[in-house]
Amino acid sequence: MNGAPRRISAVTVFGFAVVAALVLLRFAALFVDTDPALVTDTPMLGPSGAHLLGTDPLGRDLLARMIASSEAFFFPGLFACALAVLLAVPAGAAIGYWPEARASAAIRATLTIVAAWPRLVLVVVVVAIFTASVSDPAAFAEVRLFLLGGLVGLSFVPQMAHALAERVLFFRREQFVEAARAHGLSDGRILGFHILWANCRNLVLRQVCTLFGAWLLVETSLSYLGHYGVPAPRPSWGNILADVRFAVINTRRLLIPESWTPGGVVDAIALAVNEGGALAVAAPTVAIAVSITGVLALGEHFARREEGW
Amino acid sequence: MVSDPILRAEDVWVRVTPRGATEPVAVVRGASFSIPRGSQTCVVGESGSGKTILMRSILGISSARSGVTGGQAWFQPGGASQARAVLGPSGRRRRRPLARLRKGWAGYVFQHPQEALDPFRTVGAQVLDSVRVARGGESREAQQAKMLEWLDAVRLPDPRGVARLHPHELSGGMAQRAAIATALGTEPEFLVADEPTTGLDWSVRREIVELLGALCRERGMTLVLISHDFQVVERMAERVIVMYRGELLEDGPRKRFFPGPGRHPYTAELQTRVRDLEEGRAGTGQGAIVAPERTEGCRFVHRCPQVVHACKTGMPPDVVVNNGHRVRCHVVHRKDA
Amino acid sequence: MTAAHLLARRALALAGVVLVSSIVFGGMLWFAPGSSAIHDQADSFPGWVVFFWTGVATWDLGPSYRGIGVVDLVAKGAARTLPMVFGALALSLSTGLVLALAFGDRLRGLGRAARALVHATSLVPVFLLGYLALVVFAVPPEGWQQTLAAVVILALGDGMLTDVVLVLDAELRELQDRDFVQSVRLRGGPVALRLAPHIALPAAQLAAGKMTFLVGGVLILEKVLGIQGIGLMGYQAAVQPDFPLLIAITVFATALVAATHLSVDVLRVMVDPRVRKDRRTEVRA
Ligand SMILES: Nc1ncnc2c1ncn2[C@@H]1O[C@H](COP(=O)(O)OP(=O)(O)OP(=O)(O)O)[C@@H](O)[C@H]1O
Ligand code: SF4
Ligand SMILES: [Mg+2]
């Protein structure tokens, strides 16, 4: 808020780095080939020059699948954010700026109802209906991902709208709104520019980051479970993990070193990586954890901006 | 120096880390003073000069965002031989709450009365808590009676009725009286009243202050009264401490300030402004000009009518003008030299 | 308005929320193609709504797709799931409180490290924690170890513990700086005892807010660990599809959330006299 130079915090750097990496990943996905026909190699290979992360239980290149996974969450996630913003900003602004209006009461009631629906329950029910109603689910894979995104975005509307409404109400009571009215500014201009744009930008951005984190969670969770997420053979970090579920029971056995010397431990890890499929577990785990944490860190950055750090 | 102080503080520094900031700022800079036993001392100074935070830090009830970063303070219940350190030793981040040394020994009447009371509990229960500290051994009925006695002593009408009320049901004046009752309930030897009259209307102000004065005199309690209000100070003070921007500029007995003016240029300015207000003239002083933080020289230099060259470069020394009267100013130093 | 009034209004509003949710979800299932099982229950959609709520009242919602009574299934699943959900709430709130207290100004360096560790683990999704529990710790497919693992995972994952610590820490900091707490501290009174009701309210609010997420988390986790609770039942009902069971479970979840919100209101009325007695007594100073 003030002009003093801010120190750039680690949270900010981490958040922007992760988001940049996600964008890069989506771009790289344009160039990798994950055609299921390209099942060329032995299953569960360790890392090598040809396969930097090794192969999965069906002999597909793990690195290519890790990169291609970004297709599953990127645009549906942005769709979720866009939908939530389009619905929540007008709703939140209205109930914050005209708290007494009858329309606001109706909006509030609607938000209360939607807020009582657990996100995953909503997703599961609607996707179940969708899957039951289309004759060839595989053909609608892309639509289903956007449907998922839309539902997650919808379920986020109450939270975003309430946070925004509280803020707008706070500013509504400030002196400058009265002053602006006295100067003949219209409500639309005061609300749209002076309150929403000038003072609530960071709040909305923060909520968008939280939503994207929640979306990543839902997408990977459902893809892991297998019925409602990304349909196989298309990759997602969630279903990559699911695919190696049985192979890695070995890893646990292999990971226990024969001797607890540094050399023994290194040997055990090397064995787990080369033969136990340790990378197939580690890569998606790390990818999921880091991207969710990173997106939330960016949200924290906007939260601090909003509080005027 | 004061012969038999109940509280002695030396070179106390307090720093606060405001929300969102990383670097702490010094809000009390090297405050040294003594409070004589059984006296009534007034601390004056404009808003934000650090009166509240100084006294609260010494009692160990300041915000978690603030810390004492230097200096020492002792409470001396029965003379210097029984001195108990409540702050320090210098430089270490450590707070030793007074309550650990002896329960209910000091009382504090907070600046905002509604804040000082627990909104979830009745007035009676809160005063009773204080009474238990002082009279833990007595029967329930005796404690109850004492509680009602305190509510009566602060002149609350219908003590029994008020005891059953919750803080939100009290008016500002009633809440202030109730808060005073909770502070007095522990029968402290040392009481700080932090602007007990803010937010009250004029008719009630004088009454509250006089009540406090009377109660303290009756019980031989030491009173430190923080106030903006020079009329109140003139009525009450046996000693006066003047603070400005975290520094203690003048400290002396009543007769050095009234009829005035005080020796320090800042004290003099404060008093002129008060007189102007009383006589209906607009203030002639430059008012509260906010000047950039200075790290060297006198903190009052940008408003002082008596500046000399040394003021801009050197921190003014603490000059003992007279027995028990200290002034921090270059000019005063010169006059005496 | 008296407290009873207030609570009655809230209860009514929340009942309305559950009713509307049942109509929305029921409608979606009714008008979706392939919902023959649910069409057997009534002739028209309004008729079905009446059937459903009389069914709830008479404790009989007819058979599920598999032939077992819907009510029995839900009751059996809830008996398995609810202890996990409330156990996870209790665990994360108590751990969060302890951590929030420990993170106070005393443990600066250590506090920061501990905080980073908590956040790093807690931001991992529930399904991932469940997966790791299976793969690394070999959690057995049944028994108390499995329940315990589920409770710990739910209390930790999906950012649960992080949120709890952040909120409680902020509340505690603010509370401890309040004058009335400082005044208890000065007289050497029981600070923790006086803080308790003030922290209980935001904690309960937090718990109620977290309920929807816990319901989602438990759905995933029961599938991952193979726990025969209401979440796994709901998931299977959606896959099969078994709409009579699915709608019952959906409404149950919504009612659970609504009930938690109502209990926060009850708690508020119990501890906060500003809500309880709103009639100013005219005693003048
Ligand atoms: N919790 C806090 N956070 C940030 N700054 C604080 C805090 N408490 C005090 N300060 C700062 O410390 C300085 C002294 O404050 P203090 O409350 O002691 O002033 P005061 O002399 O009591 O003023 P007043 O007459 O208005 O009560 C002020 O500049 C204030 O901004
Ligand atoms: S030291 Fe100098 S500037 Fe400061 S009060 Fe004295 S004369 Fe004024
Ligand atoms: Mg003050």
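Chain naming here is simple, since letters A, B, ... match the order of the sequence lines and numbering starts at 1 in each. The figures that follow rest on heavy atoms only: side chains count, while hydrogens, waters and symmetry mates do not.
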Worksheet item: What residue in Ser221(A), Ala289(A), Gly238(A) has the most heavy-atom pairs under 4.5 Å with chain C?
Response: Ser221(A)
Worksheet item: How many angstroms lie between OG1 in Thr285(A) and CG in Leu132(C), if you round to the nearest 0.5 Å?
Response: 5.5 Å
Fill in: Spacing of CG belonging to Leu122(A) relative to OG1 belonging to Thr250(C), to within rounding of 0.5 Å
9.5 Å
Worksheet item: Side chain, backbone, both or neither: which part of Val24(C) has a heavy atom under 4.5 Å from chain A?
Response: side chain
Item to complete: Under 4.5 Å, counting heavy-atom pairs only, tell me which of Leu222(A), Val123(A), Thr220(A), Leu216(A) racks up the most with chain C.
Response: Thr220(A)
Fill in: Contact class of Ile288(A) relative to chain C, heavy atoms under 4.5 angstrom
side chain
Response to the item:
dist Leu214(C):CG -> Leu120(A):CG (nearest 0.5 Å) comes out at 11.5 Å
Worksheet item: Among Val18(C), Val124(C), Asp158(C), who wins on heavy-atom pairs under 4.5 Å with chain A?
Response: Asp158(C)
Practice prompt. Please report the C-alpha distance between Lys223(C) and Tyr224(A) in whole Å, then the side-chain angles of each, then the deciding distance to 0.1 Å, and finally whether the side chain to side chain contact (heavy atoms under 4.5 Å, CB included) criterion is met.
Written response: CA-CA 10 Å; Lys223(C) 176 85 169 86; Tyr224(A) 173 82; over 6 Å; no
Response to the item:
OG1 of Thr112(A) to NE2 of His261(C), rounded to nearest 0.5 Å, is 9.5 Å
Worksheet item: For the residue pair Pro118(A) and Ala253(C), what are the closest heavy atoms and their distance?
Response: CG-CB, 4.1 Å
Worksheet item: Do you know which of Leu219(C), Val20(C), Val239(C) has the most heavy-atom pairs with chain A at a distance under 4.5 angstrom?
Response: Val239(C)
Worksheet item: After noting the C-alpha distance and the side-chain angles of Trp117(A) and Thr212(C), does the key distance pass the side chain to side chain contact (heavy atoms under 4.5 Å, CB included) rule?
Response: CA-CA 7 Å; Trp117(A) 299 342; Thr212(C) 52; over 6 Å; no
Fill in: Most chain A-contacting option - heavy-atom pairs closer than 4.5 Å, from Gly217(C), Ala238(C), Gly216(C)
Ala238(C)
Worksheet item: Using non-hydrogen atoms only, which part of Val257(C) is less than 4.5 Å away from chain A: side chain, backbone, both, or neither?
Response: side chain
Worksheet entry | Derivation of the side chain to side chain contact (heavy atoms under 4.5 Å, CB included) call for Trp237(A) and Leu128(C) | CA-CA 11 Å; Trp237(A) 293 335; Leu128(C) 209 51; over 6 Å; no
Practice prompt. Sort Ala214(A) into side chain, backbone, both or neither according to what part of it lies under 4.5 angstrom from a heavy atom of chain C.
Written response: neither
Discussion item. How long is the straight-line distance from CZ of Phe25(C) back to CD1 of Ile129(A), given to the nearest 0.5 Å?
Written reply: 8.5 Å
Discussion item. Nearest 0.5 angstrom please: Phe127(C) CZ to Leu225(A) CG, how far?
Written reply: 8.0 Å
Worksheet item: So which heavy atom on Leu29(C) is nearest to which on Val125(A), and how close?
Response: CD2-CG1, 4.3 Å
Practice prompt. Identify the heavy atoms of Leu217(A) and Pro125(C) that sit nearest to each other, and give their distance.
Written response: CD1-CB, 3.1 Å
Worksheet item: Side chain, backbone, both or neither: which part of Ser155(A) has an atom under 4.5 Å from a heavy atom of chain C?
Response: neither
Worksheet item: Got more than 12 heavy atoms from elsewhere within 6.0 Å of CD, Gln145(C)?
Response: yes
Worksheet item: Which answer fits Val114(A), side chain, backbone, both or neither, if we ask what part of it has an atom under 4.5 Å from a heavy atom of chain C?
Response: neither
